[in-house]
Chemist: 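I have a structure here, written as structure tokens, and I will follow up with some questions on it.
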Amino acid sequence: MAQDCIDLTRHKTMDNTNLLNGYFDRLSPEIEIMIFDILPLPDLARFSETRTGNQIDVANYMIRRRDNIFKTFVDDIPLFIQLLKFTESIVSGSNALNLIMPQSQQVAAHDMDVYATEQYELVVVEYLKNQEGYKVADKISPKPKYDGSEIARIYKLENGEKKIDIIITHQKCAIAPVLQFHSTIVMNYITADDIVCMYPKWTCDRKGFINPRLYMEDKTNLRTAEALMKYKKRGFRLCAEPFQLGVHNCNRSIDCPHATRTTVDERMFNWNVNNGMAIGTAMMDCWDMPIIVWSLGGHGCTTESNKRSRNHILVAA
């Protein structure tokens, strides 16, 4: 019995990475999954870098998690992924957040939000009708006073108990409406190849910055308030003052809401599902989807600051 035990006292000087690298493969698959289930995706990505076996295990784990979400709403997962690829569409909302956060904290989503451009509007709608058996239950034109200016139309599709919302943007990139969400908590999306989080540090710490456009452009309504309360009940801390989320240099830090961000900057977290690894900005393929440039804006970060800037979103390429 003593020979079968691992004497951890002999490894007090080793860091945790080396310890896991040496002994993680001795765990049963059930224990391994239990550990994966309590880690957010950025932590899983760092762990996957410790050894080839861990990379393979994490890659397969995330594919299963993504496919389990997709199969709740579509029957042919490979063909649906091809649709996302061909139309440069994305899945966002609670389903994307679920893949960023630990499996143990996942909340069942009642519908799936698919974002597409006007160029591929009919392709996406007709595919879900003809291939997946959905019917258009409603077609909504957003209210300019309350809804995002990047949204042109919303199709509400139903197939029995399954529901999909198709959100169409007039921009050339389907990501644009995501940046008008109520807070940074839900600024995440799934493409055909990647799982992306725009504010990974705040999100994985269960913190969220309320989008300043809600109060600067008078976009607050009952629906938005209910959405914010939903995430507070799930344990997220929501703040309108950025310094409540951590100290930053207002003139230089990319954490400042006034800073100009891009979808290929170093603060983005991008997990490539096919390669099973987090992708650095230098390796990101800019040809698959146009690059977005944005700033959340808002009032000054401190009470002493008179700085004020408006939210802006630009499609750069």
Side-chain angles (χ1 to χ4, degrees), residues 41 56-100 103 106-140 151-178 186 188-197 263 270-279 284-290 292:
L41 182 51
I56 294 171
D57 290 345
V58 172
N60 291 334
Y61 172 79
M62 288 310 303
I63 289 174
R64 288 196 301 272
R65 284 194 62 189
R66 181 202 62 183
D67 289 355
N68 283 338
I69 286 175
F70 283 173
K71 76 179 183 182
T72 304
F73 304 98
V74 297
D75 294 327
D76 194 330
I77 296 173
L79 200 57
F80 177 68
I81 292 172
Q82 288 183 32
L83 174 76
L84 295 180
K85 182 78 169 180
F86 176 76
T87 63
E88 298 180 353
S89 300
I90 63 171
V91 173
S92 192
S94 296
N95 289 300
L97 178 62
N98 277 339
L99 290 183
I100 298 298
Q103 166 73 30
Q106 182 168 311
V107 177
H110 300 295
D111 56 20
M112 181 167 68
D113 297 333
V114 177
Y115 289 75
T117 61
E118 287 182 314
Q119 178 182 359
Y120 294 109
E121 177 177 352
L122 293 181
V123 175
V124 175
V125 173
E126 292 302 314
Y127 169 84
L128 289 170
K129 287 170 58 181
N130 298 330
Q131 298 296 324
E132 291 290 342
Y134 279 86
K135 295 181 180 179
V136 178
D138 201 0
K139 183 178 177 181
I140 302 171
I151 297 175
R153 281 167 297 287
I154 301 172
Y155 293 84
K156 302 189 80 65
L157 275 59
E158 295 181 358
N159 180 4
E161 296 297 317
K162 298 186 291 186
K163 297 180 181 179
I164 294 179
D165 287 351
I166 304 175
I167 298 91
I168 304 299
T169 178
H170 57 76
Q171 286 280 12
K172 299 298 183 182
C173 181
I175 300 170
V178 174
V186 283
N188 319 289
Y189 56 91
I190 307 165
T191 72
D193 302 312
D194 306 305
I195 302 168
V196 181
C197 181
T263 46
N270 186 308
W271 173 265
N272 186 277
V273 178
N274 299 322
N275 296 331
M277 64 177 64
I279 300 178
M284 291 182 69
D285 186 355
C286 300
W287 297 106
D288 287 345
M289 193 169 288
I292 297 286

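For the single chain, residues carry numbers from 1 onward in sequence order.
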Chemist: So, for I175 and I90, which heavy atoms are closest and what is the spacing to 0.1 Å?
Modeler: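 For I175 and I90, the tightest heavy-atom pair comes out as CA-CD1, 3.9 Å.
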
Chemist: For residues 162-169, dump all side-chain donor-acceptor pairs below 3.5 Å to protein atoms at least two apart in sequence or in another chain.
Modeler:
from	atom 1	to	atom 2	distance (Å)
D165	OD1	K156	NZ	3.2
D165	OD2	K156	NZ	3.0
T169	OG1	E150	O	2.6
T169	OG1	Q171	N	3.0

Chemist: Could you give all pairs that pass the ring pair (Phe, Tyr, Trp, His ring centres under 6.0 Å) test and reach residues 152-171, with sequence neighbours left out?
Modeler: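 Residue pairs passing ring pair (Phe, Tyr, Trp, His ring centres under 6.0 Å), neighbours aside: none found.
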
Chemist: Using the test side chain to side chain donor-acceptor pair (under 3.5 Å), find all partners of N274 that sit at least two apart in sequence or belong to another chain.
Modeler: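 Listed in chain order: D193.
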
Chemist: Supply the atom-to-atom distance I190 CD1 to I100 CD1, rounded to the nearest 0.5 angstrom.
Modeler: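 I190 CD1 to I100 CD1: 8.0 Å, rounded to 0.5 Å.
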
Chemist: If you take all heavy atoms of I69 and N95, which pair is closest and at what distance?
Modeler: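 Nearest pair, atom of I69 first, then N95: CG2-OD1, 3.3 Å.
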
Chemist: Looking at residues at least two apart in the chain, or sitting in another chain, which of them share a side chain to side chain donor-acceptor pair (under 3.5 Å) with T191?
Modeler: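 If we apply the side chain to side chain donor-acceptor pair (under 3.5 Å) test to T191, skipping adjacent residues, there are no hits.
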
Chemist: List in chain and number order the residues that pass ring-ring contact (aromatic ring centres under 6.0 Å, His included) with F80, two or more places apart in sequence or in another chain; answer none if no residue qualifies.
Modeler: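 With neighbours one apart ignored, the set is F70.
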
Chemist: Checking side chain to side chain contact (heavy atoms under 4.5 Å, CB included) for the pair Y127/Y134: CA distance, chi angles, key distance, verdict?
Modeler: CA-CA 9 Å; Y127 169 84; Y134 279 86; over 6 Å; no

Chemist: Can you list the residues that meet the side chain to side chain donor-acceptor pair (under 3.5 Å) rule with T87, with sequence neighbours excluded?
Modeler: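 T87: side chain to side chain donor-acceptor pair (under 3.5 Å) contacts with S89.
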
Chemist: Show the numbers, then the answer: is there a side chain to side chain contact (heavy atoms under 4.5 Å, CB included) between L157 and D138?
Modeler: CA-CA 7 Å; L157 275 59; D138 201 0; over 6 Å; no

Chemist: Please identify each residue that fulfils ring-ring contact (aromatic ring centres under 6.0 Å, His included) with Y120, with sequence neighbours left out.
Modeler: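 Y120: ring-ring contact (aromatic ring centres under 6.0 Å, His included) contacts with F86.
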
Chemist: Measure across P177 and A174 and return the closest heavy-atom pair with its distance rounded to 0.1 Å.
Modeler: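 Where P177 meets A174 most closely, the heavy atoms are CD-O, 3.2 Å.
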
Chemist: So how far is it from I195 CD1 to L97 CG, rounded to the nearest 0.5 Å?
Modeler: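 Between I195 CD1 and L97 CG, I get 12.0 Å after rounding to 0.5 Å.
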
Chemist: Residues in ring-ring contact (aromatic ring centres under 6.0 Å, His included) with Y61, at least two apart?
Modeler: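 Here the qualifying residues are F36.
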
Chemist: How long is the straight-line distance from CG of N270 back to SG of C197, given to the nearest 0.5 Å?
Modeler: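 It is 10.5 Å, given to the nearest 0.5 Å.
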
Chemist: Only pairs at least two apart or in different chains count here, so list each salt bridge (charged side-chain N to carboxylate O under 4.0 Å, His left out) that has a residue in residues 115-134.
Modeler: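 The answer is E118-R153, E121-R153, E126-K129.
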
Chemist: Just by distance, do the side chain of T263 and the backbone of I292 share a donor-acceptor pair under 3.5 Å?
Modeler: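 Pair found, side chain donor or acceptor close to backbone of I292.
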
Chemist: Could you tell me which non-hydrogen atom of G133 sits nearest to which non-hydrogen atom of N159, and how far apart they are?
Modeler: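 Shortest heavy-atom contact: O-CG, 3.5 Å.
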
Chemist: Does the N98 side chain pair with the main chain of G93, one donor and one acceptor, at a distance under 3.5 Å?
Modeler: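 Not a single qualifying donor-acceptor pair exists.
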
Chemist: Step by step, would you call M112 with V91 a side chain to side chain contact (heavy atoms under 4.5 Å, CB included)?
Modeler: CA-CA 7 Å; M112 181 167 68; V91 173; 3.7 Å; yes

Chemist: For R66, check side chain to side chain donor-acceptor pair (under 3.5 Å) against everything at least two apart and list the hits.
Modeler: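 With neighbours one apart ignored, the set is empty.
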
Chemist: In chain order, what residues pass the side chain to side chain contact (heavy atoms under 4.5 Å, CB included) check against A192, with sequence neighbours excluded?
Modeler: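 Only I81, L84, K85 meet the side chain to side chain contact (heavy atoms under 4.5 Å, CB included) criterion with A192.
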
Chemist: With side chains defined as the heavy atoms from C-beta onward, is the minimum distance between P290 and E88 less than 4.5 Å?
Modeler: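 In contact.
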
Chemist: Which heavy-atom pair separates A278 from W271 by the least distance, and what is that distance?
Modeler: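 So the two residues come closest at N-CE3, 3.5 Å.
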
Chemist: Which pairs count as side-chain hydrogen bond (donor to acceptor under 3.5 Å, both in side chains) when at least one residue sits in residues 69-80, sequence neighbours excluded?
Modeler: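 Output for this query lists N68-K71.
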
Chemist: Looking at S92 and N188, would you say the former's side chain and the latter's main chain have a donor-acceptor pair under 3.5 Å?
Modeler: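 Between the backbone of N188 and the side chain of S92 there is a qualifying donor-acceptor contact (under 3.5 Å).
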
